[in-house]
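Notes to accompany the following structure.
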Protein chains: 2
Amino acid sequence: MIYHNMSSHQNDRPTPEETPLGFARHDHAKCVDQGLAAAEERSRAAGLRFTPVRRKVLEILLREHRAVGAYEILDNLREAGFASQPPVAYRALEFLVTQGFAHRIERLNAFIACASPGDDHAPAFLICRGCDSVAETHMRPSDGAFGAAARATGFQVERAVIEAEGLCPACAPEAS
Amino acid sequence: MIYHNMSSHQNDRPTPEETPLGFARHDHAKCVDQGLAAAEERSRAAGLRFTPVRRKVLEILLREHRAVGAYEILDNLREAGFASQPPVAYRALEFLVTQGFAHRIERLNAFIACASPGDDHAPAFLICRGCDSVAETHMRPSDGAFGAAARATGFQVERAVIEAEGLCPACAPEAS
DNA sequence: CTGGACATGTTATGATATATCATTTAGCTC
DNA sequence: GAGCTAAATGATATATCATAACATGTCCAG
């Protein structure tokens, strides 16, 4: 599954020109609502507390629809009347990442809402250096040459960070 | 090619017990010298300046034989009589990474000497959360499911970060 | 209604990284 | 080798990202 996050288009409906990739158009308000509802549902099912701060942080990530830094989230929290000390944001983010509702992008020191919460998760990201959009795709790191190398050494992979940097189809032509 | 960096054993010759994986024993002083010589040679061939600071930073990385943070490198530089402001280390590291003599480990915000400089490079790392050792292996990210997903969207991958976290064979048993 | 677990609020600080500008050095041309 | 240019380094300051530690508040099972 592929899900593209266009930072520069966050307030637009994607047009065919903007998403010439077959990325699905979507009703953004609806995808925010659905994301929140899914997280709420899954938290309840797991006996976890989907508190207001956690909800708000996930809402920000879903709304922004791109990789967002912790301090930017903090600004949003402040505006929304929440406390605005760093630990507030980092704790909420830790919860969301642990539960698989969001991911950390190591390359950017930033966070992004998960494109398919609920799946058994081995996310990989395509990061455009032109427009900072981030696309999420899933893969099993145990597959392929990488998994083979790990297995050959007896290394037990618990988590894999897979982040590709390059140019998305929209930015590639502009970079003459 | 696999190359394991054991932080906790940095002053020892690896013993069979410490490297039960088939990782090659090696003469560490020699591997430092060879790494420096290779970098010097390749810099000269490319018309680049392999200056004392750059050489010293690469020497530190080769000697430590593990992922090392920029500020730790800075401490080493100070002790060696070099300037010790952050930009000094970061600039040297940028050079080494750009030239492929070292890699940045995003997950650790740290740097490590390249295990096979000269190769056409798509490094992947196995990071042990038990002993902080880092093994480097190479792969072509264009292979497998990941490459397929990128190609399907028209995304041009320029660089890929592939970092697996887990337990190395030495640490797996201890984590009952 | 109370004890324990978890979550949040708050202060302080630690850790990582870069912008900027001054100065020095290396290599080039004449 | 004098003068020019580009690259590298030195140095100051500051930006950015992240967590330790402890106090306070909230939920809920017993």
Side-chain angles (χ1 to χ4, degrees), chain A residues 39-40 43-61 66-99 101-112 129 132 161 163, chain B residues 39-40 43-58 60-61 67-99 101-112 129 132 161 163:
Chain A
E40 183 145 28
S43 294
R44 195 162 36 73
L48 300 166
R49 291 159 66 181
F50 193 59
T51 62
V53 197
R54 291 168 176 179
R55 179 185 192 86
K56 184 67 192 178
V57 172
L58 181 55
E59 184 198 318
I60 292 163
L61 291 176
R66 61 185 172 95
V68 185
Y71 279 70
E72 193 178 345
I73 286 168
L74 216 43
D75 291 341
N76 278 265
L77 287 178
R78 182 184 300 108
E79 289 166 15
F82 290 86
S84 59
Q85 287 69 33
V88 174
Y90 281 102
R91 287 191 289 228
L93 288 165
E94 183 186 18
F95 171 85
L96 297 173
V97 168
T98 301
Q99 300 312 316
F101 302 146
H103 301 294
R104 177 182 170 84
I105 311 291
E106 299 288 346
R107 187 72 184 73
L108 304 176
N109 293 334
F111 301 83
I112 194 164
R129 66 171 169 79
D132 294 322
V161 172
E163 299 172 4
Chain B
E40 182 145 29
S43 294
R44 194 164 37 75
L48 300 166
R49 292 157 67 180
F50 193 59
T51 62
V53 197
R54 293 168 176 179
R55 179 185 191 88
K56 184 66 191 178
V57 171
L58 181 56
I60 293 163
L61 291 176
V68 184
Y71 280 71
E72 192 178 346
I73 286 167
L74 215 43
D75 291 342
N76 278 265
L77 287 179
R78 182 184 300 107
E79 288 166 16
F82 290 86
S84 59
Q85 287 70 33
V88 173
Y90 282 101
R91 287 192 288 227
L93 287 164
E94 183 186 18
F95 172 86
L96 296 173
V97 169
T98 300
Q99 299 312 314
F101 302 145
H103 302 293
R104 178 181 170 85
I105 311 290
E106 299 289 346
R107 187 72 185 70
L108 304 177
N109 292 334
F111 301 83
I112 194 163
R129 65 171 170 79
D132 295 322
V161 171
E163 298 172 4

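Chain letters run A, B, ... following the sequence lines, proteins first, then strands; residues in each count from 1.
Judged by atom type and distance alone, B/Tyr90 does not reach the base of C/dA19 through any side-chain donor-acceptor pair under 3.5 Å. Taking only distance into account, the side chain of B/Tyr71 meets the base of C/dA17 through a donor-acceptor pair shorter than 3.5 Å.
Listed by residue number, the members of residues 77-85 of chain A with any heavy atom below 4.0 angstrom from DNA chain C are A/Ala83, A/Gln85.
With C/dT25, C/dG9, C/dA17 as the candidates, the nucleotide lying closest to the side chain of B/Arg49 is C/dT25. Closest contact between the side chain of A/Thr51 and the listed nucleotides C/dT16, D/dA11, C/dA7 involves C/dA7.
Look at B/Asn109 and you won't find any side-chain N or O under 4.0 angstrom from OP1 or OP2 of C/dA15.
The interatomic distance linking A/Arg55 (CZ) with C/dT8 (P) rounds to 14 Å, in whole Å. Between the P atom of D/dC17 and the CD atom of A/Glu106 lies a distance of 13 Å, rounded to the nearest Å. Rounding to whole angstrom units, CG of residue A/Asp75 and P of D/dC17 are separated by 11 Å. Rounded to whole angstrom, the span from the CZ atom of A/Arg44 across to the P atom of D/dC27 amounts to 17 Å. The distance from atom CG of B/Leu74 to atom P of D/dA11 is 12 Å, rounded to the nearest whole Å. Rounded to a whole Å, the CZ atom of B/Arg91 is 15 Å from the P atom of C/dT25. The CD1-P distance, from A/Ile105 to D/dC17, rounds to 14 Å in whole Å. Regarding A/Arg54, its CZ atom lies at a distance of 10 Å from the C1' atom of C/dT8, rounded to whole Å.
By the 4.0 Å N-to-carboxylate-O rule, A/Lys56 lies close enough to A/Glu59 to be salt-bridged with it.
In this structure, B/Asn76 and B/Val57 have side chains that are not in contact, with every pair of non-hydrogen atoms separated by 4.5 Å or more. Proximity of A/Leu77 to A/Ile60: side-chain heavy atoms (C-beta onward) are separated by under 4.5 Å at one or more points.
Projected onto DNA chain C by closest heavy-atom contact, B/Gly69 and A/Val88 fall at different nucleotides, the more 5' of which corresponds to A/Val88.
Using cut-offs of 30° and 60° for the angle between ring planes, the A/Phe95 and A/Phe50 rings count as tilted.
Remark: side-chain polar atoms of A/Glu163 are paired, donor with acceptor, to backbone N or O of A/Glu106 under 3.5 angstrom. The backbone N or O of A/Arg49 lies less than 3.5 Å from a partner atom in the side chain of A/Arg54, making a donor-acceptor pair.
With rounding to the nearest 0.5 Å, the separation of CD1 in A/Ile112 from CG in A/Leu96 is 13.0 Å.
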